Amino acid sequence: RFVDPVSSTGRLLLDGQWGAFFEAIQAAAISGAIAFAPRLASALFVGLVFYGLYRIVLRLVEGLLRRTGRIDRGLESLGVKTLRVIGRGFVALIVFSQLGVNLSALFAGIGIAGLAIGFAAKDSLENFISGLTILLDRPFAVGDWITIDGYFGQVENITLRSTRIRTLNEETVVFPSVDMVTHPIVNHSAGGALRVDVPFGIAYKEDVARARSVVLDAIDGEDERIAKVEPRVVVKELGDSSVGLDLHIYVDDPKYAAAVRASAIERIKRALDGAGIEIPFPHLQLRIDHAEGLRAPLEAVLRPSA
């Protein structure tokens, strides 16, 4: 039924009958608008109804998430954004169906486009999935002090794409989410007070118990950053040149670990020097067997000149 009007309009255009041509176009547009108006009104009505339902559900979910207080902020934001995308997409599909759009062809086109986008944005999708894994698994949270890939710092922000860490040097290090999943992470804030190990050594001739007492007296009560956990000095190893010991002290806030360790090293040095306890350095004794051939040259060198 569309062949005749189109053919007649085309003939009017070819014959140069511009007035009749525009009248035919106007008549076709008015006829199409009149025929399409009921469908458009129905689509608008249904779209408004379902959009109102979507807004009500969204507000209920947002209020429920805020009241629970047990869901991570990043995961809460992700859930709300996902609900918005799904809700608006659902309303749009209903409107399209009311307008007579072939949804099967639309889904097929979206699927092909999604496949192409997926291949083009492989890294972004990998980071997205990794970020979602972090938000669900929660190996760390904003404010935690962590070590990853040699960097020690505080977590400032967690997104689906990356995690930002603020180091003690006031540098911001950005890690892609996939690195936060594939690299080992040490969370220093997860276990309460953090133990700081301070190694030092004493000579074999020194008494371990006396050295322990001197070091503990030097550490006890002199640094308010140290946690209320009893420090210890333990023997770690019998080295080539010294007896290796470790001082174990604890801090409540991991950000003070490096500063407390540096302060403890200085105090240990002063305390051992003050007590006359030797801190040895590596040395080597050389013994040559059956070296009689060197005696005469050495005596000639060492003999005082006349």
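Please read all numbers here as calculations on a predicted model, not as lab measurements. Throughout, residue positions are numbered sequentially from 1 according to the sequence presented.
- By the criterion of side-chain heavy atoms lying less than 4.5 angstrom apart, applied directly or through intervening Ile, Leu, Val, Met, Phe, Trp or Tyr residues, Phe45 is grouped together with Phe50 in one hydrophobic cluster.
- Here the side chain of Arg210 pairs a donor or acceptor atom with the backbone of Ala275 at under 3.5 angstrom.
- At least one donor-acceptor pair closer than 3.5 Å links the side chain of Glu206 to the backbone N or O of Glu278.
- Contacts of Thr147 classified as side-chain contact (heavy atoms from CB on, under 4.5 Å), with partners at least two apart in sequence or in another chain: Phe152, Val186, His188.
- Across all their heavy atoms, Met180 and Phe175 have their closest contact at SD-CB, 3.4 Å.
- Smallest separation of non-hydrogen atoms from Arg261 and Pro199: NH2-CD, 3.5 Å.
- Hydrophobic clustering, with ILVMFWY side chains joined whenever heavy atoms are under 4.5 angstrom apart, groups Phe90 together with Val46.
- No donor-acceptor pair closer than 3.5 Å links the side chain of Thr163 to the backbone N or O of Ile158.
- The minimum heavy-atom distance between Arg225 and Ala259, with the atom names listed, is NH1-CB, 3.4 Å.
- Remark: the backbone N or O of Arg166 is not paired with any side-chain donor or acceptor of Thr172 at under 3.5 angstrom.
- Residues meeting the side-chain contact (heavy atoms from CB on, under 4.5 Å) test with Ile279, sequence neighbours left out: Lys269, Leu272, Asp273.
- In this structure Val208 satisfies the side-chain contact (heavy atoms from CB on, under 4.5 Å) test together with Ile202, Arg212, Val235, Val243, Leu245, sequence neighbours excluded.
- The list of salt bridge (charged side-chain N to carboxylate O under 4.0 Å, His left out) pairs with a residue in residues 185-195, not counting sequence neighbours, reads Arg195-Asp197.
- Minimum heavy-atom separation, Val155 to Phe140: CG2-CD1, 3.9 Å.
- Val91 and Leu60 are not part of a single hydrophobic cluster, where members link through side-chain heavy atoms under 4.5 Å apart.
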Sequence neighbours left out, cut at 3.5 Å: what donor-acceptor pairs do the side chains of residues 248-257 make with other protein atoms?
{"from": "His248", "atom 1": "ND1", "to": "Arg232", "atom 2": "NH2", "distance (Å)": "3.4"}
{"from": "Asp253", "atom 1": "OD1", "to": "Lys255", "atom 2": "N", "distance (Å)": "3.2"}

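- Judged by distance alone, with hydrogens and angles left aside, the side-chain atoms of Asn187 form a donor-acceptor pair with the main-chain N or O of Pro139 at under 3.5 Å.
- The side chain to side chain donor-acceptor pair (under 3.5 Å) search around Arg88 returns Tyr54, not counting sequence neighbours.
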